[in-house]
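These notes concern the structure reproduced below.
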Amino acid sequence: MEEEKSPAPLLHLPTKLPDHRNLSDRPSQPPAGGWKAAIFVIFVEVAEQFAFIGLSSNLIMYFTTVFHEPTATAAKMVNNWSGVSAVFPILGAFVADSLLGRFKTIIFSSLIYCLGMVLLTLSATVIGAPHRKPVFFFALYILSVGEGGHRPCVQTFAADQFDEETPEQRKRKSSFFNWWYVGLVVGSTLAVFLVIYVQDNIGWGLSFGILAGVLAAALLLFLCGVKVYRRHIPVGSPMTRIAQVVVAAARKWRVDNTRREWRVCYEEDSHAKNEDEGQHKPMTLDRRSQFGILDKATLIDDEDKARKKRDPWRLSTVTEVEEVKMLGRLIPVWFSCLMFAVVQAQIHTFFTKQGSTMLRSIGPHFQIPPASLQGVVGLTILLTVLFYDRVFVPSARKFTGHHSGITVLQRIGIGLFISILNMVASALVEAKRVAVAAEHGLIDTPKVTVPMTIWWLIPQYMLCGVSDAFAVVGLQELFYDQMPESMRSIGSAAYISVIGIGNFLSTAVISAVQAASRHKWLVDNLNRSKLQYFYWVLAGLSGLNLCCYIWVANGYVYKRVGGKDGEDHGKNSNKGGYGDDII
(Lines give C-alpha, C1' and ligand atoms only; values in the text may rest on other atoms or scores of the structure.)
Protein backbone atom coordinates (compact mmCIF):
# COMPACT_ATOMS: atom_id res chain seq x y z
CA MET A 1 0.00 0.00 0.00
CA GLU A 2 1.44 3.36 -0.95
CA GLU A 3 1.65 6.04 1.67
CA GLU A 4 -1.15 8.57 1.34
CA LYS A 5 -0.13 12.10 0.42
CA SER A 6 -2.02 15.20 1.31
CA PRO A 7 -2.82 17.44 -1.67
CA ALA A 8 -0.52 20.40 -2.06
CA PRO A 9 -2.17 23.56 -0.75
CA LEU A 10 -2.72 26.37 -3.23
CA LEU A 11 -4.10 28.78 -0.67
CA HIS A 12 -3.17 29.23 2.96
CA LEU A 13 -5.11 31.43 5.32
CA PRO A 14 -3.29 32.22 8.55
CA THR A 15 -6.52 33.21 10.21
CA LYS A 16 -6.52 32.36 13.91
CA LEU A 17 -9.30 29.98 14.74
CA PRO A 18 -11.48 30.07 17.86
CA ASP A 19 -9.38 28.95 20.77
CA HIS A 20 -11.08 25.57 21.15
CA ARG A 21 -7.89 23.67 20.46
CA ASN A 22 -5.84 25.31 23.13
CA LEU A 23 -6.51 22.57 25.63
CA SER A 24 -4.06 23.42 28.34
CA ASP A 25 -4.44 25.94 31.10
CA ARG A 26 -0.85 25.47 32.18
CA PRO A 27 1.21 28.56 32.99
CA SER A 28 4.66 29.22 31.59
CA GLN A 29 6.05 26.97 34.34
CA PRO A 30 3.73 23.94 34.01
CA PRO A 31 3.00 21.59 36.92
CA ALA A 32 5.01 18.39 37.15
CA GLY A 33 2.59 15.90 35.67
CA GLY A 34 4.08 12.52 34.74
CA TRP A 35 4.12 9.57 37.11
CA LYS A 36 4.45 11.90 40.10
CA ALA A 37 0.90 13.14 39.43
CA ALA A 38 -0.55 10.00 37.84
CA ILE A 39 0.19 7.85 40.88
CA PHE A 40 -2.29 9.87 42.98
CA VAL A 41 -5.02 9.25 40.41
CA ILE A 42 -4.19 5.55 40.16
CA PHE A 43 -4.61 5.12 43.94
CA VAL A 44 -7.95 6.93 43.74
CA GLU A 45 -9.12 4.57 41.01
CA VAL A 46 -7.98 1.57 43.06
CA ALA A 47 -10.31 2.76 45.85
CA GLU A 48 -13.19 3.40 43.44
CA GLN A 49 -12.77 -0.03 41.88
CA PHE A 50 -12.65 -1.58 45.35
CA ALA A 51 -16.02 0.03 46.13
CA PHE A 52 -17.69 -0.75 42.80
CA ILE A 53 -16.60 -4.40 42.63
CA GLY A 54 -17.27 -4.89 46.32
CA LEU A 55 -20.87 -3.97 45.59
CA SER A 56 -21.49 -5.37 42.10
CA SER A 57 -19.73 -8.74 42.30
CA ASN A 58 -22.08 -10.17 44.94
CA LEU A 59 -25.18 -8.16 44.12
CA ILE A 60 -27.00 -11.13 42.63
CA MET A 61 -26.75 -12.90 46.01
CA TYR A 62 -28.22 -9.84 47.76
CA PHE A 63 -31.17 -9.84 45.36
CA THR A 64 -31.83 -13.57 45.74
CA THR A 65 -31.24 -13.90 49.51
CA VAL A 66 -32.44 -10.53 50.89
CA PHE A 67 -35.06 -9.54 48.32
CA HIS A 68 -35.86 -13.19 47.37
CA GLU A 69 -35.85 -12.53 43.62
CA PRO A 70 -35.77 -15.45 41.11
CA THR A 71 -32.32 -16.17 39.68
CA ALA A 72 -33.07 -15.02 36.11
CA THR A 73 -34.79 -11.86 37.38
CA ALA A 74 -31.88 -11.10 39.70
CA ALA A 75 -29.42 -11.58 36.83
CA LYS A 76 -31.41 -9.09 34.73
CA MET A 77 -31.45 -6.60 37.62
CA VAL A 78 -27.67 -6.81 37.96
CA ASN A 79 -27.18 -6.50 34.20
CA ASN A 80 -29.51 -3.49 33.97
CA TRP A 81 -27.84 -1.63 36.83
CA SER A 82 -24.37 -2.43 35.48
CA GLY A 83 -25.50 -1.27 32.06
CA VAL A 84 -26.82 2.06 33.35
CA SER A 85 -23.63 2.57 35.37
CA ALA A 86 -21.56 2.04 32.22
CA VAL A 87 -23.73 4.22 29.94
CA PHE A 88 -23.95 7.24 32.27
CA PRO A 89 -20.23 7.96 31.69
CA ILE A 90 -21.18 9.27 28.23
CA LEU A 91 -23.14 12.08 29.91
CA GLY A 92 -20.40 12.63 32.48
CA ALA A 93 -17.75 12.84 29.77
CA PHE A 94 -19.83 15.36 27.83
CA VAL A 95 -20.13 17.56 30.94
CA ALA A 96 -16.39 17.28 31.62
CA ASP A 97 -15.25 18.08 28.08
CA SER A 98 -17.83 20.81 27.51
CA LEU A 99 -18.41 22.56 30.83
CA LEU A 100 -16.59 21.66 34.05
CA GLY A 101 -13.32 20.07 32.99
CA ARG A 102 -12.10 16.69 34.18
CA PHE A 103 -10.69 17.81 37.54
CA LYS A 104 -13.91 19.43 38.79
CA THR A 105 -16.06 16.63 37.36
CA ILE A 106 -14.05 14.07 39.33
CA ILE A 107 -14.58 16.01 42.57
CA PHE A 108 -18.35 16.49 42.11
CA SER A 109 -18.94 12.91 40.98
CA SER A 110 -16.91 11.55 43.90
CA LEU A 111 -19.14 13.46 46.33
CA ILE A 112 -22.25 11.99 44.64
CA TYR A 113 -20.66 8.54 44.78
CA CYS A 114 -20.04 8.87 48.53
CA LEU A 115 -23.63 10.03 49.07
CA GLY A 116 -25.00 6.99 47.23
CA MET A 117 -22.88 4.58 49.26
CA VAL A 118 -23.95 6.22 52.55
CA LEU A 119 -27.63 5.81 51.54
CA LEU A 120 -26.95 2.21 50.58
CA THR A 121 -25.47 1.60 54.04
CA LEU A 122 -28.49 3.19 55.71
CA SER A 123 -30.89 1.06 53.63
CA ALA A 124 -29.20 -2.11 54.90
CA THR A 125 -28.98 -1.03 58.55
CA VAL A 126 -31.51 1.53 59.83
CA ILE A 127 -34.21 1.70 57.13
CA GLY A 128 -37.25 -0.44 57.96
CA ALA A 129 -38.17 -3.47 55.86
CA PRO A 130 -41.17 -1.84 54.06
CA HIS A 131 -38.96 0.93 52.66
CA ARG A 132 -35.69 -0.93 52.36
CA LYS A 133 -36.04 -2.03 48.75
CA PRO A 134 -37.01 1.36 47.21
CA VAL A 135 -34.31 3.18 49.20
CA PHE A 136 -31.76 0.55 48.16
CA PHE A 137 -32.54 0.97 44.46
CA PHE A 138 -32.62 4.77 44.78
CA ALA A 139 -29.14 4.67 46.32
CA LEU A 140 -27.99 2.17 43.73
CA TYR A 141 -28.82 4.51 40.87
CA ILE A 142 -27.31 7.51 42.67
CA LEU A 143 -24.12 5.47 42.54
CA SER A 144 -24.67 5.14 38.78
CA VAL A 145 -24.74 8.94 38.48
CA GLY A 146 -21.50 9.24 40.46
CA GLU A 147 -19.96 6.47 38.39
CA GLY A 148 -20.97 8.35 35.27
CA GLY A 149 -18.86 11.36 36.15
CA HIS A 150 -16.00 9.49 37.77
CA ARG A 151 -15.07 6.69 35.39
CA PRO A 152 -14.53 8.53 32.08
CA CYS A 153 -12.62 11.40 33.68
CA VAL A 154 -10.27 9.67 36.11
CA GLN A 155 -8.47 7.53 33.54
CA THR A 156 -8.30 10.35 31.00
CA PHE A 157 -7.11 12.80 33.65
CA ALA A 158 -4.34 10.39 34.66
CA ALA A 159 -3.27 9.83 31.03
CA ASP A 160 -3.23 13.60 30.50
CA GLN A 161 -0.32 13.77 32.94
CA PHE A 162 1.92 12.42 30.15
CA ASP A 163 2.90 14.39 27.04
CA GLU A 164 2.83 12.81 23.59
CA GLU A 165 5.54 14.92 21.97
CA THR A 166 8.42 12.42 22.26
CA PRO A 167 8.72 8.65 21.64
CA GLU A 168 9.79 8.19 25.26
CA GLN A 169 6.59 9.84 26.53
CA ARG A 170 4.48 7.73 24.16
CA LYS A 171 6.12 4.57 25.52
CA ARG A 172 5.42 5.71 29.08
CA LYS A 173 1.81 6.42 28.22
CA SER A 174 1.38 3.00 26.58
CA SER A 175 2.92 1.39 29.68
CA PHE A 176 0.66 3.57 31.84
CA PHE A 177 -2.46 1.87 30.47
CA ASN A 178 -1.09 -1.52 31.54
CA TRP A 179 -0.24 -0.31 35.06
CA TRP A 180 -3.54 1.54 35.28
CA TYR A 181 -5.31 -1.74 34.72
CA VAL A 182 -3.08 -3.41 37.30
CA GLY A 183 -4.38 -0.82 39.78
CA LEU A 184 -7.97 -1.68 38.85
CA VAL A 185 -7.23 -5.35 39.33
CA VAL A 186 -5.66 -4.80 42.75
CA GLY A 187 -8.75 -2.89 43.90
CA SER A 188 -11.21 -5.43 42.52
CA THR A 189 -9.25 -8.43 43.86
CA LEU A 190 -9.10 -7.00 47.36
CA ALA A 191 -12.85 -6.39 47.15
CA VAL A 192 -13.81 -9.93 46.18
CA PHE A 193 -11.66 -11.44 48.92
CA LEU A 194 -12.35 -9.01 51.77
CA VAL A 195 -15.70 -7.31 51.18
CA ILE A 196 -17.52 -10.40 49.98
CA TYR A 197 -16.29 -12.35 53.01
CA VAL A 198 -17.80 -9.64 55.24
CA GLN A 199 -21.06 -9.76 53.27
CA ASP A 200 -21.43 -13.52 53.51
CA ASN A 201 -20.20 -14.01 57.09
CA ILE A 202 -20.78 -10.78 59.07
CA GLY A 203 -23.34 -8.53 57.42
CA TRP A 204 -24.25 -6.47 54.37
CA GLY A 205 -24.54 -3.21 56.30
CA LEU A 206 -20.96 -3.36 57.59
CA SER A 207 -19.63 -4.13 54.10
CA PHE A 208 -21.44 -1.13 52.61
CA GLY A 209 -20.11 1.08 55.43
CA ILE A 210 -16.54 -0.04 54.66
CA LEU A 211 -17.04 0.89 51.00
CA ALA A 212 -18.35 4.35 51.94
CA GLY A 213 -15.31 4.96 54.13
CA VAL A 214 -12.91 3.91 51.38
CA LEU A 215 -14.56 6.31 48.91
CA ALA A 216 -14.27 9.23 51.35
CA ALA A 217 -10.58 8.46 51.93
CA ALA A 218 -10.03 8.27 48.14
CA LEU A 219 -11.45 11.76 47.64
CA LEU A 220 -9.11 13.19 50.28
CA LEU A 221 -6.15 11.44 48.65
CA PHE A 222 -7.06 12.86 45.25
CA LEU A 223 -7.04 16.39 46.67
CA CYS A 224 -3.54 15.82 48.08
CA GLY A 225 -2.10 15.90 44.55
CA VAL A 226 -3.77 19.12 43.44
CA LYS A 227 -0.47 21.03 43.16
CA VAL A 228 1.19 18.59 40.75
CA TYR A 229 -1.67 17.89 38.33
CA ARG A 230 -1.61 19.07 34.74
CA ARG A 231 -5.13 20.22 33.90
CA HIS A 232 -6.89 20.85 30.60
CA ILE A 233 -9.66 23.40 30.34
CA PRO A 234 -13.09 22.46 28.88
CA VAL A 235 -13.32 23.26 25.18
CA GLY A 236 -17.03 23.67 24.52
CA SER A 237 -19.53 21.24 23.08
CA PRO A 238 -17.87 18.58 20.90
CA MET A 239 -21.22 18.03 19.22
CA THR A 240 -21.08 21.60 17.86
CA ARG A 241 -17.68 21.04 16.28
CA ILE A 242 -18.79 17.78 14.73
CA ALA A 243 -21.93 19.41 13.38
CA GLN A 244 -19.92 22.27 11.89
CA VAL A 245 -17.80 19.88 9.82
CA VAL A 246 -20.83 17.91 8.61
CA VAL A 247 -22.77 21.06 7.71
CA ALA A 248 -19.77 22.62 5.95
CA ALA A 249 -19.25 19.44 3.90
CA ALA A 250 -22.98 19.25 3.06
CA ARG A 251 -23.07 22.88 1.91
CA LYS A 252 -20.20 22.21 -0.50
CA TRP A 253 -21.13 18.79 -1.74
CA ARG A 254 -21.53 20.17 -5.27
CA VAL A 255 -18.04 21.73 -5.28
CA ASP A 256 -15.69 19.80 -7.54
CA ASN A 257 -12.67 19.00 -5.39
CA THR A 258 -10.75 17.61 -8.37
CA ARG A 259 -10.25 21.19 -9.61
CA ARG A 260 -6.93 22.22 -8.11
CA GLU A 261 -7.86 25.87 -7.84
CA TRP A 262 -10.38 24.94 -5.16
CA ARG A 263 -8.03 22.81 -3.11
CA VAL A 264 -6.84 24.13 0.22
CA CYS A 265 -5.07 22.89 3.32
CA TYR A 266 -6.68 25.23 5.82
CA GLU A 267 -4.93 25.21 9.20
CA GLU A 268 -4.49 27.67 12.02
CA ASP A 269 -1.13 29.41 12.22
CA SER A 270 -0.87 29.82 15.97
CA HIS A 271 1.37 26.92 16.94
CA ALA A 272 4.43 29.09 17.44
CA LYS A 273 2.41 31.50 19.56
CA ASN A 274 1.22 28.68 21.77
CA GLU A 275 4.79 27.48 22.26
CA ASP A 276 5.99 31.00 23.14
CA GLU A 277 3.29 31.21 25.81
CA GLY A 278 4.29 27.86 27.30
CA GLN A 279 0.98 26.34 26.25
CA HIS A 280 0.06 22.93 24.91
CA LYS A 281 0.89 22.56 21.23
CA PRO A 282 -2.23 21.57 19.30
CA MET A 283 -2.09 18.27 17.45
CA THR A 284 -2.09 18.77 13.66
CA LEU A 285 -3.57 15.77 11.86
CA ASP A 286 -2.70 14.82 8.29
CA ARG A 287 -5.42 14.14 5.78
CA ARG A 288 -6.48 10.52 5.22
CA SER A 289 -8.51 9.47 2.20
CA GLN A 290 -11.16 7.54 4.18
CA PHE A 291 -14.56 9.30 4.38
CA GLY A 292 -13.32 11.65 1.67
CA ILE A 293 -16.75 13.29 1.28
CA LEU A 294 -16.01 15.22 4.50
CA ASP A 295 -12.92 16.77 2.90
CA LYS A 296 -15.23 19.10 1.01
CA ALA A 297 -15.57 21.05 4.26
CA THR A 298 -11.98 22.29 3.74
CA LEU A 299 -12.58 23.67 0.24
CA ILE A 300 -12.65 27.44 -0.19
CA ASP A 301 -15.22 28.85 -2.61
CA ASP A 302 -15.87 32.42 -3.74
CA GLU A 303 -18.05 33.15 -0.71
CA ASP A 304 -15.27 32.07 1.66
CA LYS A 305 -12.74 34.23 -0.19
CA ALA A 306 -14.99 37.25 0.22
CA ARG A 307 -15.21 36.85 3.99
CA LYS A 308 -12.79 38.61 6.29
CA LYS A 309 -13.34 36.02 9.02
CA ARG A 310 -13.82 32.30 8.65
CA ASP A 311 -17.34 30.95 9.16
CA PRO A 312 -16.90 27.57 10.93
CA TRP A 313 -20.25 26.43 9.52
CA ARG A 314 -18.88 26.85 5.97
CA LEU A 315 -15.13 26.18 6.24
CA SER A 316 -13.25 23.68 8.43
CA THR A 317 -9.59 22.90 8.96
CA VAL A 318 -8.08 19.60 7.88
CA THR A 319 -7.56 18.73 11.55
CA GLU A 320 -11.23 19.40 12.35
CA VAL A 321 -12.32 17.16 9.50
CA GLU A 322 -9.87 14.42 10.47
CA GLU A 323 -11.20 14.50 14.04
CA VAL A 324 -14.69 13.75 12.77
CA LYS A 325 -13.26 10.94 10.64
CA MET A 326 -11.56 9.51 13.73
CA LEU A 327 -14.95 9.26 15.43
CA GLY A 328 -16.43 7.60 12.37
CA ARG A 329 -13.68 4.99 12.29
CA LEU A 330 -14.16 4.08 15.96
CA ILE A 331 -17.91 3.45 15.75
CA PRO A 332 -17.66 0.08 13.91
CA VAL A 333 -14.97 -1.06 16.36
CA TRP A 334 -17.30 -0.15 19.23
CA PHE A 335 -20.15 -2.24 17.80
CA SER A 336 -17.90 -5.22 17.06
CA CYS A 337 -16.82 -5.48 20.73
CA LEU A 338 -20.29 -5.69 22.28
CA MET A 339 -20.45 -9.50 22.36
CA PHE A 340 -17.23 -9.55 24.36
CA ALA A 341 -19.02 -7.52 27.04
CA VAL A 342 -21.97 -9.96 26.99
CA VAL A 343 -19.59 -12.81 27.78
CA GLN A 344 -17.87 -10.89 30.58
CA ALA A 345 -21.27 -10.07 32.14
CA GLN A 346 -21.65 -13.73 33.13
CA ILE A 347 -18.89 -13.35 35.76
CA HIS A 348 -21.20 -11.49 38.14
CA THR A 349 -24.33 -13.54 37.47
CA PHE A 350 -24.44 -17.17 36.36
CA PHE A 351 -20.81 -17.95 37.26
CA THR A 352 -21.57 -16.95 40.85
CA LYS A 353 -24.78 -18.99 40.97
CA GLN A 354 -22.92 -22.03 39.61
CA GLY A 355 -20.37 -21.75 42.41
CA SER A 356 -23.10 -21.51 45.05
CA THR A 357 -24.26 -25.08 44.19
CA MET A 358 -20.81 -26.71 44.49
CA LEU A 359 -18.47 -27.85 47.26
CA ARG A 360 -16.77 -24.74 48.70
CA SER A 361 -15.20 -26.04 51.90
CA ILE A 362 -11.59 -25.39 52.87
CA GLY A 363 -11.04 -27.29 56.07
CA PRO A 364 -13.82 -28.11 58.56
CA HIS A 365 -14.94 -24.56 59.35
CA PHE A 366 -14.40 -22.31 56.30
CA GLN A 367 -16.42 -22.03 53.10
CA ILE A 368 -15.37 -19.90 50.13
CA PRO A 369 -18.01 -17.30 49.20
CA PRO A 370 -18.94 -18.17 45.60
CA ALA A 371 -18.39 -14.59 44.38
CA SER A 372 -14.85 -14.61 45.82
CA LEU A 373 -13.74 -16.79 42.95
CA GLN A 374 -13.85 -13.58 40.92
CA GLY A 375 -10.54 -12.85 42.62
CA VAL A 376 -9.05 -15.43 40.27
CA VAL A 377 -9.95 -13.07 37.42
CA GLY A 378 -8.06 -10.24 39.09
CA LEU A 379 -4.99 -12.33 39.86
CA THR A 380 -4.95 -13.65 36.29
CA ILE A 381 -5.19 -10.13 34.87
CA LEU A 382 -2.37 -8.99 37.14
CA LEU A 383 -0.06 -11.79 36.03
CA THR A 384 -1.05 -11.44 32.37
CA VAL A 385 -0.47 -7.68 32.29
CA LEU A 386 2.89 -8.02 34.03
CA PHE A 387 3.95 -10.72 31.55
CA TYR A 388 2.62 -8.69 28.64
CA ASP A 389 4.37 -5.47 29.67
CA ARG A 390 7.70 -6.94 30.78
CA VAL A 391 8.17 -9.97 28.53
CA PHE A 392 5.82 -10.03 25.55
CA VAL A 393 6.11 -6.38 24.44
CA PRO A 394 9.96 -6.22 24.46
CA SER A 395 10.16 -9.54 22.60
CA ALA A 396 7.50 -8.64 20.02
CA ARG A 397 9.06 -5.20 19.53
CA LYS A 398 12.21 -6.83 18.15
CA PHE A 399 10.20 -8.49 15.36
CA THR A 400 7.58 -5.85 14.57
CA GLY A 401 9.41 -2.62 15.35
CA HIS A 402 6.19 -1.42 16.96
CA HIS A 403 6.61 0.51 20.21
CA SER A 404 3.89 -1.64 21.87
CA GLY A 405 4.93 -4.93 20.29
CA ILE A 406 1.60 -5.35 18.50
CA THR A 407 -1.11 -2.86 17.56
CA VAL A 408 -4.00 -2.18 19.90
CA LEU A 409 -6.43 -3.69 17.37
CA GLN A 410 -4.45 -6.93 17.34
CA ARG A 411 -4.47 -6.93 21.13
CA ILE A 412 -8.26 -6.49 21.23
CA GLY A 413 -8.73 -9.24 18.64
CA ILE A 414 -6.76 -11.71 20.76
CA GLY A 415 -8.99 -10.86 23.73
CA LEU A 416 -12.14 -11.49 21.68
CA PHE A 417 -10.85 -14.89 20.58
CA ILE A 418 -10.02 -15.92 24.15
CA SER A 419 -13.55 -14.93 25.25
CA ILE A 420 -14.88 -17.59 22.86
CA LEU A 421 -12.67 -20.19 24.53
CA ASN A 422 -14.06 -18.97 27.85
CA MET A 423 -17.63 -19.81 26.85
CA VAL A 424 -16.58 -23.20 25.48
CA ALA A 425 -14.84 -24.06 28.77
CA SER A 426 -17.84 -22.79 30.76
CA ALA A 427 -20.25 -24.96 28.78
CA LEU A 428 -18.12 -28.08 29.26
CA VAL A 429 -17.74 -27.53 33.02
CA GLU A 430 -21.47 -26.85 33.46
CA ALA A 431 -22.32 -30.04 31.55
CA LYS A 432 -20.00 -31.94 33.92
CA ARG A 433 -21.66 -30.31 36.98
CA VAL A 434 -25.16 -31.28 35.82
CA ALA A 435 -23.97 -34.84 35.06
CA VAL A 436 -22.57 -35.16 38.61
CA ALA A 437 -25.84 -33.86 40.04
CA ALA A 438 -27.81 -36.42 38.00
CA GLU A 439 -25.43 -39.20 39.00
CA HIS A 440 -26.13 -38.50 42.69
CA GLY A 441 -29.88 -38.01 42.25
CA LEU A 442 -29.80 -34.28 42.97
CA ILE A 443 -31.61 -32.96 39.90
CA ASP A 444 -34.71 -32.01 41.90
CA THR A 445 -32.97 -31.08 45.16
CA PRO A 446 -31.22 -27.80 44.27
CA LYS A 447 -30.49 -26.84 47.89
CA VAL A 448 -28.26 -29.88 48.37
CA THR A 449 -24.61 -29.22 47.46
CA VAL A 450 -23.44 -30.99 44.31
CA PRO A 451 -20.42 -33.18 45.20
CA MET A 452 -18.11 -31.38 42.78
CA THR A 453 -15.49 -28.91 43.96
CA ILE A 454 -15.78 -25.23 43.04
CA TRP A 455 -12.21 -25.34 41.73
CA TRP A 456 -13.62 -26.78 38.49
CA LEU A 457 -14.71 -23.21 37.70
CA ILE A 458 -11.18 -21.82 37.85
CA PRO A 459 -10.40 -22.33 34.10
CA GLN A 460 -13.34 -20.17 33.01
CA TYR A 461 -12.45 -17.45 35.52
CA MET A 462 -8.82 -17.51 34.33
CA LEU A 463 -9.89 -17.24 30.70
CA CYS A 464 -12.02 -14.25 31.70
CA GLY A 465 -8.94 -12.63 33.17
CA VAL A 466 -6.70 -13.27 30.17
CA SER A 467 -9.30 -12.00 27.70
CA ASP A 468 -9.82 -8.92 29.89
CA ALA A 469 -6.09 -8.17 29.98
CA PHE A 470 -5.98 -8.14 26.19
CA ALA A 471 -9.31 -6.70 25.12
CA VAL A 472 -10.19 -4.19 27.86
CA VAL A 473 -6.72 -2.64 28.12
CA GLY A 474 -6.64 -2.47 24.32
CA LEU A 475 -10.01 -0.72 24.22
CA GLN A 476 -8.85 1.77 26.85
CA GLU A 477 -5.78 2.68 24.81
CA LEU A 478 -7.59 2.76 21.46
CA PHE A 479 -10.41 5.02 22.65
CA TYR A 480 -7.88 7.37 24.25
CA ASP A 481 -5.21 7.52 21.56
CA GLN A 482 -7.50 7.56 18.52
CA MET A 483 -9.93 10.15 19.88
CA PRO A 484 -9.56 13.90 19.28
CA GLU A 485 -7.63 15.55 22.11
CA SER A 486 -10.64 17.63 23.11
CA MET A 487 -12.94 14.58 23.34
CA ARG A 488 -10.85 12.07 25.25
CA SER A 489 -13.20 11.91 28.21
CA ILE A 490 -15.91 10.97 25.72
CA GLY A 491 -13.52 8.37 24.30
CA SER A 492 -13.07 6.86 27.74
CA ALA A 493 -16.86 6.86 28.20
CA ALA A 494 -17.25 5.16 24.82
CA TYR A 495 -15.09 2.22 25.83
CA ILE A 496 -16.89 1.98 29.18
CA SER A 497 -20.24 2.04 27.39
CA VAL A 498 -19.19 -1.09 25.51
CA ILE A 499 -19.45 -2.87 28.87
CA GLY A 500 -22.74 -1.11 29.65
CA ILE A 501 -24.49 -1.93 26.38
CA GLY A 502 -23.05 -5.44 26.67
CA ASN A 503 -24.88 -5.85 29.98
CA PHE A 504 -28.14 -4.71 28.38
CA LEU A 505 -27.53 -7.15 25.52
CA SER A 506 -26.91 -9.90 28.07
CA THR A 507 -30.35 -9.18 29.53
CA ALA A 508 -31.82 -9.30 26.03
CA VAL A 509 -30.10 -12.60 25.24
CA ILE A 510 -31.36 -14.09 28.53
CA SER A 511 -34.92 -13.00 27.68
CA ALA A 512 -34.62 -14.37 24.14
CA VAL A 513 -33.27 -17.72 25.38
CA GLN A 514 -36.04 -17.94 27.97
CA ALA A 515 -38.66 -17.29 25.32
CA ALA A 516 -37.13 -19.70 22.78
CA SER A 517 -36.72 -22.48 25.35
CA ARG A 518 -40.11 -21.81 26.98
CA HIS A 519 -38.33 -21.04 30.25
CA LYS A 520 -36.67 -24.47 30.40
CA TRP A 521 -33.01 -23.51 29.91
CA LEU A 522 -32.70 -20.85 32.62
CA VAL A 523 -34.70 -21.71 35.75
CA ASP A 524 -34.06 -21.25 39.48
CA ASN A 525 -33.04 -24.90 39.85
CA LEU A 526 -29.67 -24.86 38.08
CA ASN A 527 -29.51 -28.67 38.23
CA ARG A 528 -32.53 -28.83 35.93
CA SER A 529 -31.50 -25.82 33.84
CA LYS A 530 -29.66 -26.07 30.54
CA LEU A 531 -27.16 -23.36 31.37
CA GLN A 532 -24.54 -25.11 29.25
CA TYR A 533 -26.71 -24.57 26.17
CA PHE A 534 -26.87 -20.86 27.00
CA TYR A 535 -23.07 -20.77 27.12
CA TRP A 536 -22.87 -22.52 23.73
CA VAL A 537 -25.19 -19.87 22.29
CA LEU A 538 -22.87 -17.16 23.57
CA ALA A 539 -19.86 -18.98 22.12
CA GLY A 540 -21.53 -19.13 18.69
CA LEU A 541 -22.54 -15.48 18.77
CA SER A 542 -19.03 -14.52 19.86
CA GLY A 543 -17.55 -16.45 16.94
CA LEU A 544 -19.71 -14.53 14.48
CA ASN A 545 -18.81 -11.31 16.25
CA LEU A 546 -15.08 -12.06 15.92
CA CYS A 547 -15.47 -12.43 12.16
CA CYS A 548 -17.12 -9.01 12.02
CA TYR A 549 -14.38 -7.51 14.18
CA ILE A 550 -11.59 -8.82 11.92
CA TRP A 551 -13.37 -7.35 8.89
CA VAL A 552 -13.76 -3.97 10.63
CA ALA A 553 -10.20 -3.90 11.99
CA ASN A 554 -8.76 -4.92 8.63
CA GLY A 555 -10.04 -1.65 7.14
CA TYR A 556 -9.20 0.60 10.08
CA VAL A 557 -6.93 3.58 9.35
CA TYR A 558 -5.00 5.06 12.26
CA LYS A 559 -4.62 8.80 12.67
CA ARG A 560 -1.47 10.39 11.30
CA VAL A 561 0.14 13.34 13.07
CA GLY A 562 2.65 15.47 11.18
CA GLY A 563 3.31 12.78 8.56
CA LYS A 564 3.63 9.97 11.11
CA ASP A 565 1.00 7.38 12.01
CA GLY A 566 -0.53 7.91 15.43
CA GLU A 567 -0.31 4.14 15.91
CA ASP A 568 3.31 3.64 14.88
CA HIS A 569 3.54 0.39 12.96
CA GLY A 570 7.29 0.16 12.87
CA LYS A 571 8.19 -2.13 10.01
CA ASN A 572 4.65 -1.86 8.70
CA SER A 573 4.51 1.90 9.00
CA ASN A 574 2.62 2.42 5.76
CA LYS A 575 -0.05 -0.08 6.55
CA GLY A 576 -3.39 0.65 8.06
CA GLY A 577 -5.22 -1.57 10.46
CA TYR A 578 -5.36 -4.99 12.01
CA GLY A 579 -5.36 -7.20 8.96
CA ASP A 580 -2.52 -5.49 7.16
CA ASP A 581 -0.22 -6.44 9.98
CA ILE A 582 -1.05 -10.13 10.08
CA ILE A 583 -1.97 -11.12 6.54
- Query: Can you name the ring pair (Phe, Tyr, Trp, His ring centres under 6.0 Å) partners of F387, sequence neighbours left out?
  - Reply: none
- Message: Would you say CE of M77 has more than 12 non-hydrogen atoms from neighbouring residues, nucleotides or ligands within 6.0 angstrom?
- Response: yes
- Message: If you define the side chain from C-beta out and look only at heavy atoms, does anything of Q482 sit under 4.5 Å from R329?
- Response: no
- Query: More than 12 heavy atoms of other residues, nucleotides or ligands under 6.0 Å from CH2 of W313: is that the case?
  - Reply: yes
- Message: If the condition is ring pair (Phe, Tyr, Trp, His ring centres under 6.0 Å), which residues does Y533 pass it with, not counting sequence neighbours?
- Response: W521
- Item | Partners passing salt bridge (charged side-chain N to carboxylate O under 4.0 Å, His left out) against K76 (at least two apart in sequence or in another chain) | none
- Query: What pair of heavy atoms forms the shortest contact from L421 to L463, and how long is it?
  - Reply: O-CD1, 3.7 Å
- Partners of F88 by ring pair (Phe, Tyr, Trp, His ring centres under 6.0 Å), sequence neighbours excluded? none
- Task: Using a 4.5 Å cut-off on heavy atoms from C-beta on, say whether the side chain of M483 contacts that of L327.
- Result: yes
- Task: Flag this pair as yes if the NZ/CZ of R411 is under 6.0 angstrom from the six-membered ring centre of Y388 and inside a 45 degree cone about the axis; otherwise no.
- Result: yes
- Message: I'd like to check V245 versus E323 (side-chain heavy atoms, cut-off strictly below 4.5 Å). Are they in contact?
- Response: no
- Message: List the residues meeting side chain to side chain donor-acceptor pair (under 3.5 Å) with S497, not counting sequence neighbours, and say none if there are none.
- Response: W334
- Task: Answer whether the closest heavy-atom distance between the side chains of E320 and R241 falls below 4.5 Å.
- Result: no
- Task: Inspect the surroundings of CZ in F417 and state if more than 12 heavy atoms from other residues, nucleotides or ligands are less than 6.0 Å away.
- Result: no
- Message: Looking only at the aromatic ring of each residue, does the gap between the centers of W551 and F335 stay below 6.0 angstrom?
- Response: no
- Message: Within the structure provided, determine whether I510 and F534 are in side-chain contact (heavy-atom separation under 4.5 Å).
- Response: yes
- Note on the structure: For Q476, the side chain to side chain donor-acceptor pair (under 3.5 Å) test, sequence neighbours excluded, returns Q155, Y495
- Message: Quick check: do Y461 and N422 have side-chain heavy atoms less than 4.5 Å from each other?
- Response: no
